[in-house]
Amino acid sequence: MGKGFHISKTVGIVGIVLGAGALATIIALSVVYSQEKSKNENEVKPTDAATSAPTTAPSNEPWDQWRLPQTLSPQTYNVTLWPRLKPDPTGLYIFTGMSSVVFRCVEKTNLILIHSNKLNMTKQPTLTALGSKPAPTIESIVMHTKTQYMAIHLKDELAAGESYELYTEFVGELADDLGGFYRSEYNETGVKKVVATTQMQPTDARKAFPCFDEPAMKAVFYITLYHDPATVALSNGVVIDEVNVTADGTLVTRTTFAPTEVMSTYLLAFIVSDFGFIEQNMDKLQIRIFARQEAINAGQGEYALNVTGPILKFFEKYYNVPYPLPKSDQIALPDFNAGAMENWGLITYRETALLYDEEISSNGNKESIVTIIAHELAHQWFGNLVTLRWWNDLWLNEGFASYVEYLGADEAEPDWNVKDLIVLNDVHRVFAIDALASSHPLSFKEEEIQRPEQINEVFDTISYSKGASVLRMLSDFLTETVFTQGLQTYLDNFKFSNTVYTDLWHHLQLAVNGTGTGTSLPKSVQEIMDRWVLQMGFPVVTINTTTGQITQEHFLLDPESKPDRPSEFNYEWFVPISWTKKEVAQPLYWLLKKTDQSNDMKISVDEWVLANINVTGYYRVNYDNDNWQRLLNVLQNSRQSIPVINRAQLIDDAFNLAKAGIIETTLALRTTLFLNSETEYMPWEAALDNLDYFYLMFDRTEVYGPMQSYVGRQVKDLFDYFTRLTNWEDVPKGHTDQYNQINALRVACSTGNEECKTLITGWFQQWMANPNVNPIKANLRSTVYCSAIAAGGEGEWNFAWEMFENATIASEKDKLRAALACATEPWLLNRYLKYTLDPEKIRKQDATSTIISIASNVVGQPLAWDFVRANWEYIFKQYGGGSFSFSNLINGVTKRFSTQFELQQLIQFRDDNTHIGFGSGTLAIEQSIERTNANIKWVEKNQEAVLEWFKKPSYL
Ligand SMILES: *[C@@H]1O[C@H](CO)[C@@H](O)[C@H](O)[C@H]1NC(C)=O
Ligand SMILES: *[C@@H]1O[C@H](CO)[C@@H](O)[C@H](O)[C@H]1NC(C)=O
Ligand SMILES: *[C@@H]1O[C@H](CO)[C@@H](O)[C@H](O)[C@H]1NC(C)=O
Ligand SMILES: *[C@@H]1O[C@H](CO)[C@@H](O)[C@H](O)[C@H]1NC(C)=O
Ligand SMILES: [Zn+2]
């Protein structure tokens, strides 16, 4: 799946306007199936099957286990589905289906256990033997709703080595719940339209038809869809037959698809819509982009179509494996839970992740589109052709795609230097979470991840962003040549089958051994990687340039916290240290133990050391005070001597080391002094991200005023620079310059720059006077909307709401939706919070991210917290259990917490709701408590010094 928080770049920038700082707002995704959370994780409850099971006590019975037995192995499925896009007389949307699965019996058994969730059988299932012996008779059929199985008990045993066919007919609800086979609705030219579509990953294929719903249970799928002749049916394969038939007394089209390759159930997709499309051919490959007809007619699919071919070509070369399928369809859906989903040959997206409009969409929208497309296309090989055996290894699948998405995007947009941005978007972002004592290792044991909500919880920032960061480090120290060589033999060796993550290490090792020259590793790939994969967290490396001593230590944001779990490696890592002495690159240094000595790093007074060049390593760096002072000198006087990524790193490392009590907070603040002459985006963004924390902690205190004046002074030159460069009419050439132009405007306005405020108010007034012509530049819209709504009242809010309702492109809707949360009148915010409970107003997919936006507004924060507490049960039932949304929601509404009182409320909230549960947000609750504790201590310790420093910012 493509995580949704790419989008943060464009809508997360409502930030400091109110001193509220939504800078790093993670766009949460609402996910909708509700899952009862058992209070005891380990206890497997007896089945609550509708028909009572033969035994009722907690048991070792196979149907009470979350994993399928290894007795049966599916070979082919023949699935026919008919979604009804109009409600039945009772108002219910349904789909009907028939499915037969051919499976081989591996081990004799008298039980067929197959996943089936929320499906009603409309006919007695039948079993046929395909060999010479007759099939056993069915004795009873029991649905186990908790473990989501249909259990078919047989009078006799199935014979090992024999194949059988199980045939079922069923009906299911085509609900608007964003999971399994579901419906999405939208209005077009005043007419309500319905799309039937799917989201199977991780465990919802079983909601569409009975299947062995585990990633290693690969099979070939023959798919047929029945649909209205006025609609188009899509699936993983190409269409091989299309005829009109009469069924149930109506004329329908029956579309048959070519059988799929051998594949996992979670990668299936079925879609019926009246969407339009555009297409292009690359050699023999057919590439199509589907979306609402209005969106297609407006050309919103063109950008996606143009970048897909080059990215596919790039991956063919990178993997050295041709694209495995004859077609590549990508489709934008009005309602979609994640950012995107890599279904094999039919990738689904939320609209903001695929549709682009030159006039309306921002540069940030464009970047998220191209990176998400690259991410999903990367999965077509890594993940789809070769699939991890079980969800405990999800980090490799998602971490890999999250790393190579930058390589793919770089191919499509070579002028952007987009590969650098992984440091801000992934490395720095996940550092913040992985530095908590309640973090977790990348890899889980297979038995730790069993239940659907546990599987959903694995789709987190650690899997995506730490996975990406660690693989980038690996590719860097192996060299890209060796890395791709190992990758290529891995893919070739395991195509159409399943792996565990160590299979990749094995192939990388073969590549290392094969090259002989060039790479000399101090340990095997597996030994090095075990340290990064099996233990949570990461080290801070301290270099003492006076003594030459180098040490590593587990980096924890709260110095008093203890890691939740022991590590067999004692929290020591094998650390590849790239470094320069002054500007001269030095050979890679491997730190293999806790403390070591390098005489090379012992330097004279006119030298300085900089380590972790371009932040290719997954660790932070600290120095002795003298070296810090020299680095500050360089930043101040000749910052070009330090690579731009490392200018961002020095700021981010310093702020976080200070947070952990390792260096003085004032030293961290001093790393921002050079910014008044800096125009590059990355250092600015790193500083603003970190100052955001100061705003969260202090915007309700006396520190606020002096902090505002300091930040205002620092940003003034940047604002003037962009005034000279663009006069706020032109778009800067460079990709990241465009981002920094937005920063300049946002921060200047939020710190009270009059020139800036006049600009923004002028633009918005102009728009309100003539709603049909929006004069605001696409890139600047998020910032302008937010500032104008914050400064305005009901009139501005209602105008923006109307524009939100009328917007025809989802990215514009998102900007307005985020900006509506910038209001400063509590009643407007409270009304807006209520809207999130009404899917007619705020789509379910957007509900949690809207609440988070409101919470990041200093006025909205207490309102959002009250709202979440008051409506917890409802919110949990509607949006709980899913992949990303819940942890983001909980982190989002509590991130400003920094008092004992707030801590008590949070603990109370946890204790009051144990009976309802927190689903995939369970870990997030603990993390929030830990973070609040750390915030309380930090504020106590630092408030005085920070206040003094902001009053008199000084370089020494
Ligand atoms: C799939 O099932 C349908 C009807 O149930 C049948 O007509 C069709 O021949 C089957 N296809 C295959 C490939 O078995
Ligand atoms: C399935 O059966 C249950 C129980 O009888 C019923 O409530 C539900 O509406 C049925 N679902 C469909 C889609 O018919
Ligand atoms: C769609 O349009 C209908 C009729 O114009 C209206 O009643 C309904 O509220 C609209 N729905 C949405 C989601 O905009
Ligand atoms: C099916 O019927 C529709 C509407 O009558 C028609 O437009 C379409 O061409 C027909 N398709 C086939 C394959 O006959
Ligand atoms: Zn993915």
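Residue indices begin at 1 and follow the sequence shown. Quick caveat, the model's predicted, so the values are computed rather than measured. Atoms within a ligand are numbered from 1 in the order they appear, just like the ligands themselves. Reckoned from all heavy atoms, side chains included, excluding hydrogens, waters and symmetry mates.
In this pair, Y149 and H115 present their aromatic rings parallel. The plane angle is below 30°, not in the 30 to 60° band. Aromatic ring pairs are classed by plane angle as parallel below 30°, tilted from 30° to 60° and perpendicular above 60°; the pair F314 and Y318 is parallel.
The closest donor-acceptor contact from the side chain of S463 to the backbone of F459 lies at 3.5 Å or more, if one exists at all. At distances below 3.5 Å, not a single donor-acceptor pair connects side-chain atoms of D176 with backbone N or O atoms of S184.
Residue contact check: E242 has heavy atoms under 4.0 Å from atoms 13 (C) of ligand 4.
At least one N/O/S atom of M1, whether from backbone or side chain, sits less than 2.8 Å from the Zn ion (ligand 5).
In this structure, D434 and I462 have side chains that are in contact, with non-hydrogen atoms separated by less than 4.5 Å. Side-chain contact between P210 and L119: present, with at least one pair of heavy atoms (C-beta onward) separated by less than 4.5 Å.
When hydrogens are left out, the protein atom nearest atom 5 (O) of ligand 4 is L251 CD2, 4.2 Å; that is the closest non-hydrogen contact. Nearest protein heavy-atom neighbour of atom 4 (C) of ligand 4: P229 CB, 4.0 Å. Looking at atom 12 (C) of ligand 4, its nearest protein heavy atom turns out to be N244 ND2, 3.4 Å.
With atom 10 (C) of ligand 2 as the reference point, the heavy atom nearest to it among N120, L119, L92, V171 is part of N120.
Within a 4.0 Å radius of atom 7 (O) of ligand 2, the protein contributes no non-hydrogen atoms.
The atom name of the N/O/S atom in E398 closest to the Zn ion (ligand 5) is OE1.
For ligand 2, the polar-atom distance check against E173 finds no nitrogen or oxygen pair separated by under 3.5 Å.
For W381 and Y319, the ring centers sit closer than 6.0 Å to each other.
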